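The structure presented is a predicted model; accordingly, all values stated were derived computationally and were not measured.
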Amino acid sequence: MAGAGNGNEATWRVLAGIGGVGVGIGLIAGVPVLSLMGALFVFVGLIGLMATRSK
């Protein structure tokens, strides 16, 4: 993986990706709870990714 600083970066990317998929499915299916949970995963993943990259 080009530009990967360490193994944790991939973990945070996967977490944000899973959240993005959850948001998409929740919006398409009309399930707001799934969209909200997916958004939470996206935010946590992005915060973790930014913290990993700042080191």
Side-chain angles (χ1 to χ4, degrees):
M1 185 183 305
N6 55 20
N8 289 337
E9 185 175 352
T11 304
W12 293 115
R13 284 180 187 244
V14 168
L15 185 64
I18 290 171
V21 169
V23 169
I25 292 172
L27 288 174
I28 291 170
V31 182
V33 174
L34 186 59
S35 295
L36 290 173
M37 291 300 294
L40 180 65
F41 279 102
V42 169
F43 287 136
V44 170
L46 291 179
I47 289 170
L49 189 59
M50 288 189 311
T52 302
R53 287 185 173 185
S54 69
K55 290 183 179 182

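Summarising the hydrophobic clusters (Ile, Leu, Val, Met, Phe, Trp, Tyr; side-chain heavy atoms under 4.5 Å, direct or chained), the residues clustered with Val31 are Val21, Ile25, Leu34.
For the residue pair Gly26 and Ser35, the shortest heavy atom distance occurs at C-OG, 3.2 Å. Listed here is the closest heavy atom pair of Leu15 and Phe41: CD1-CD2, 3.2 Å. Across every non-hydrogen atom of Glu9 and Leu49, the tightest pair is CG-CD1, 3.3 Å.
Listed by chain and residue number, Ile18 satisfy the side chain to side chain contact (heavy atoms under 4.5 Å, CB included) test with Val14 (two or more places apart in sequence, or in another chain).
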Exercise for the section: Might you work through the side chain to side chain contact (heavy atoms under 4.5 Å, CB included) test for Trp12 and Ile47, ending with a clear yes or no? Expected result: CA-CA 8 Å; Trp12 293 115; Ile47 289 170; over 6 Å; no
